[in-house]
**Student:** 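This is the structure I want to talk about, given as structure tokens.
In what follows, every chain begins at residue 1, and chains take the letters A, B, ... in the order their sequences are listed.
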Amino acid sequence: MDTSLRTLFSHLEDEEVTFFADLILPIPVPRLFTYRVPRGMAEILKIGARVIVPFGKNNGRVLTAVVARLHNSPPTGYQARYISEVLDEYPLVTSYQLELFRWMSEYYMCCIGDVMNVALPSGLKISSQSKVQFNPDFDYPELLTPVEEMLLTELKKHPALSYEELGRLVGEGGNVPAVIKSLVGKKAVIVFEEVKEKYVPKMVRKIRLHRNYEEKEQLLVLLQRLEKLPKQQEVVMRYLRHVPVQITPSLNQKGLDKSILNQDDELSQSSLTTLIKNQVFETFEVIQPRFADNLVPQAEIRLTDAQRQAAQDIMAQFERQNIVLFHGITGSGKTEIYIDLIQQALAGGTQVLYLLPEIALTTQIVVRLQRVFGDKMGIYHSKFSDNERVEVWKGVVSGQYQFVVGVRSAVFLPFDNLGLIIVDEEHETSYKQHDPAPRYHARDVAMMLAHWQQAKVLLGSATPSLESYYQAQQGRYGLVELFQRFGDATLPDIMLVNTQQEKKQKTMKNEFSSALLDELETNLERKEQSILFQNRRGYSPYMQCEDCDWTAECPNCAVSLTYHQRDAELRCHYCGHKEAVPRVCPVCGSTKVRTIGYGTEKLEDQLQIIFPQARILRMDLDTTRAKNAYQQIIQEFEGGQVDMLVGTQMITKGLDFDNVSLVGIFDADRLIHFPDFRATERAFQMLTQVSGRAGRRAGRKGKVLIQTTNPQQTILQKIIENDYRGLYEEEIQERQNFNYPPFSRLIKLTIRHTDKAISLQAAERLAAELTDALGESRVLGPEEPLVERIRNQFLFDILIKIEREKMNVKAVKAYIQDRINDILTDKGLRQVSIVADVDCL
DNA sequence: AGCACGCCGACT
DNA sequence: GTCGGCGTGCTC
């Protein structure tokens with residue numbers, strides 16, 4: 001579709017008309033900004049294209065913006081400034097995405113600029129000095145113009161050149177952007193955005209024949225000359241076998257991996273060195289393509305009968321439903337079913353998006369998918385650099401990636417023809433963005449996307465969210481269930497260990513029950529692996545004086561400081577504050593300052609003392625902070641060099657280890673009794689998911705030990721029996737009684753200020769106004785959250801419940817926004833910050 | 001979000 | 001006398 005101004009306003013004859021563009025700016029201001037379109041730009045400017053604009057006082061800042069609207073009505077009250085540059089000849093943001101941006105900013109009550117900020121990889125955002133580099137994969141014999149040839153030669157000499165530098169080379173009158181565009185089209189060069197973070201291409205050292213020997217005749221002469229040097233001749237022959245230069249001389253340009261030539265013997269190494277010295281070969285470096293498809297493609301996926309049946313059921317449901325919930329127990333082999341469905345969707349010519357929670361994406365799943373889909377699959381992950389994200393973005397536009405696996409932000413990729421979206425581990429709370437706006441839920445956004453593009457959505461989970469299961473029960477989603485593990489594997493036996501009782505009998509060793517220790521020991525003897533789950537990092541969560549009960553607290557937040565033994569310091573898990581461990585109590589001077597409670601670090605420590613011969617690893621936020629630490633831990637554990645893995649909820653997600661036969665769970669009680677209406681659901685999900693890590697292969701029935709002070713709790717019985725239905729029935733009744741989701745929508749308003757009185761005043765006023773309008777039953781609070789002070793700001797929460805059927809959610813949101821705006825314009829309260837979290841978890 | 005303008009403390 | 005603290009207000 002041509003959206004340029006000329007076609008939009010073709011009815012306007014007057015050449016003197018000035019055009020304006022309403023732009024989305026990457027700033028948290030709830031409106032669009034109107035700029036003037038310079039005369040010559042009107043022809044090329046399109047909705048969805050990026051532009052560069054001056055912004056702020058004295059043109060202080062330069063921003064990248066996206067064109068949201070084009071029109072010819074001058075703004076009133078101010079003089080619009082000019083757009084300074086157009087970055088895209090074609091829309092970078094599709095009309096689908098613009099629609100998505102608008103919908104999200106309204107639905108999630110945030111600024112459209114915030115949406116744009118998360119949606120675009122920063123490589124497409126930061127004031128961009130675009131750079132160009134030679135594409136090492138370029139297949140030479142393409143028709144090139146003399147100018148192109150010249151630029152290419154220059155580019156080969158440099159790692160990368162900017163448009164400006166290329167402009168100087170071409171000289172006056174040359175049209176650099178046009179030439180670059182053409183070269184990009186021929187895949188001869190790669191354009192990337194220069195960002196703060198330097199572009200560090202992965203380099204591979206390759207070799208090729210010196211130019212002198214590219215032609216057949218010279219090559220023959222060379223081989224004759226090497227007749228008396230059999231080793232060297234052999235190396236050249238080997239090269240020619242891989243790169244048939246004698247048939248297609250241009251192939252030589254691509255060269256060959258050095259490692260391929262001297263793979264087996266040491267001798268060829270020295271011969272090669274000589275050949276290089278004598279300028280028969282030359283070495284050069286090229287950029288490693290990011291997602292090399294050097295993986296062995298997997299043979300056809302074989303589905304078991306149960307899997308095939310499930311896949312067929314899902315397809316059948318899709319005939320009538322747009323959304324299907326797939327409830328398959330842990331280890332039932334959901335991935336194979338997904339692969340089957342993805343292949344079907346791709347065969348139908350549509351795009352596919354496979355969403356995974358952040359942490360699950362780094363694991364084995366990606367490798368498995370890559371074996372099947374190779375370089376047709378894009379990977380979108382936050383641990384990837386910006387350039388890699390931009391590559392995926394462009395790959396979606398170009399059609400190279402018909403299929404993308406990604407984390408929540410992958411919903412922002414420029415899809416225009418989605419046929420299927422899979423939301424794996426649908427219940428995962430990490431799909432909801434918590435901290436910066438937009439506070440969106442990727443699962444819900446995905447459903448919106450699918451709705452617009454007539455795609456099907458498959459929600460997959462072993463422990464579906466109550467919300468989704470309820471929709472399925474109501475017939476609004478399809479439902480397919482699979483209660484059989486893959487192969488002959490069976491669900492693990494789950495046993496409860498009464499720690500109260502063991503304490504009385506004095507059989508506990510620190511935090512470990514004798515029952516758990518026994519199992520750990522036999523597992524160690526059998527050389528099988530164990531996983532220990534404690535959802536709390538650090539050494540211990542409190543440091544307390546035994547004499548006066550003083551507790552170490554964060555100076556900025558209303559929480560106790562956690563003791564981290566490795567760095568011998570106290571740390572706040574909310575603001576990051578660190579301080580030294582006090583030798584004596586700062587209040588009474590007593591030396592009896594002790595740590596209380598335990599986290600993963602302490603468990604690891606004690607475990608090592610109990611089992612000195614065991615190899616133990618810990619996986620939590622603290623041990624996975626380094627770039628590849630997460631993968632490294634998984635690899636080591638997978639490789640079998642590790643006997644026990646201690647971890648936080650990080651270990652519950654999607655890990656698939658063959659040799660794990662024991663899972664131990666500490667402090668289940670703390671999970672169950674968390675003061676939140678979702679605590680039961682969460683505890684069930686978490687404990688079921690961790691348990692699911694055990695006994696995933698036939699022949700080894702797994703065992704799970706849950707330590708609790710009260711084994712009678714009904715939820716624990718449900719976990720043992722894997723009774724999701726029972727949990728659902730009970731919980732949904734509770735939700736209905738108290739009008740919680742899925743029977744209502746929740747909006748949480750958080751009011752923040754450094755002065756507690758001001759914060760409270762604003763919160764009370766807001767709550768009063770909302771109660772007046774919505775009724776008492778729909779407004780809860782203001783109340784202090786569990787942690788009422790973070791970073792020296794005092795917090796108050798107001799929770800609003802809106803029934804799905806009875807109320808117009810849009811109107812309510814608009815009303816809330818108005819009341820917030822009122823408060824923010826009040827002289828005394830304007831410095832408070834109020835954030836809305838729609839569908840808060 | 002940034003950035004300028006603005007009105008009050010400890011420094012050459 | 002100034003440098004600079006960060007409160008507050010605006011950005012097409």
**Student:** Under 3.5 Å, which N/O atoms of the protein pair with N/O atoms of nucleotides 5-8 of chain C?
**Tutor:**
unit_1	atom_1	unit_2	atom_2	d
C:dT8	OP2	A:Q831	NE2	3.2

**Student:** Verify the ring-centre separation between A:Y440 and A:F412: is it less than 6.0 angstrom?
**Tutor:**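 Yes, the ring centres sit under 6.0 Å apart.
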**Student:** What is the distance from CG of A:L25 to C1' of B:dA1, rounded to the nearest Å?
**Tutor:** 11 Å
**Student:** Calculate the interatomic distance between A:F33 atom CZ and B:dA1 atom P; express it in whole Å.
**Tutor:** 14 Å
**Student:** Check whether A:F794 forms a cation-pi arrangement with A:R752 (NZ or CZ under 6.0 Å from the six-membered ring centre, at most 45° off the ring normal).
**Tutor:**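 Not satisfied by the 6.0 Å and 45° rule.
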**Student:** Given side-chain contact (heavy atoms from CB on, under 4.5 Å), test A:E784 with A:K756 step by step and report yes or no.
**Tutor:** CA-CA 11 Å; A:E784 288 190 341; A:K756 189 170 184 175; 2.8 Å; yes
**Student:** Looking across every strand, which nucleic acid part, if any, lies under 4.0 Å from A:P28 by heavy atom: base, sugar-phosphate, or nothing?
**Tutor:**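 Base contact.
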**Student:** Using whole Å, what does the distance between atom C1' of nucleotide C:dC10 and atom CD1 of A:I27 come to?
**Tutor:**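 Taking CD1 of A:I27 and C1' of C:dC10, I get 10 Å after rounding.
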**Student:** Take the protein atom CZ of A:F55 and the nucleotide atom P of B:dC3, then report the distance between them rounded to whole Å.
**Tutor:** 11 Å
**Student:** Using salt bridge (Lys or Arg N to Asp or Glu O under 4.0 Å) as the criterion, point out the one residue from A:R678, A:R443, A:K432 that pairs with A:E467.
**Tutor:** A:R678
**Student:** Which pairs of donor and acceptor atoms, one on a side chain in residues 18-31 of chain A, lie under 3.5 Å apart (sequence neighbours left out)?
**Tutor:**
unit_1	atom_1	unit_2	atom_2	d
A:D22	OD1	A:T34	OG1	3.0
A:D22	OD1	A:H71	NE2	2.9
A:D22	OD2	A:R69	NE	2.9
A:D22	OD2	A:R69	NH2	3.1
A:D22	OD2	A:H71	NE2	3.4

**Student:** Classify the nucleic acid contact of A:Y78 as base, sugar-phosphate or nothing, counting any heavy atom under 4.0 Å across all strands shown.
**Tutor:** base
**Student:** Once you apply a heavy-atom cut-off of 4.0 Å, does A:R36 come out as touching a base, just sugar-phosphate, or nothing?
**Tutor:**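 If one applies the 4.0 Å heavy-atom cut-off, A:R36 turns out to touch nothing in the nucleic acid.
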**Student:** Separation of A:N821 atom CG from C:dG9 atom C1', in whole Å?
**Tutor:**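 Nearest whole value for this atom pair: 16 Å.
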**Student:** In Å and rounded to the nearest 0.5 Å, what is the CD1 to CD1 distance from A:I816 to A:I834?
**Tutor:**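 Reported to 0.5 Å precision, the distance equals 11.5 Å.
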**Student:** Please report, rounded to the nearest Å, how far the P atom of B:dA1 is from the CD1 atom of A:I24.
**Tutor:**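 The distance from CD1 of A:I24 to P of B:dA1 comes to 19 Å, rounded to the nearest Å.
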**Student:** For the side chain of A:T754 and the backbone of A:N792, is there at least one donor-acceptor N/O pair under 3.5 Å apart?
**Tutor:**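 Not a single qualifying donor-acceptor pair exists.
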**Student:** Please report the distance, rounded to the nearest Å, between CG in A:L63 and P in C:dC10.
**Tutor:**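 Atom CG in A:L63 sits about 19 Å away from atom P in C:dC10.
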**Student:** Expressed as a whole number of angstroms, how long is the span from A:L32:CG to C:dT11:P?
**Tutor:**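 Interatomic distance, CG of A:L32 to P of C:dT11: 16 Å.
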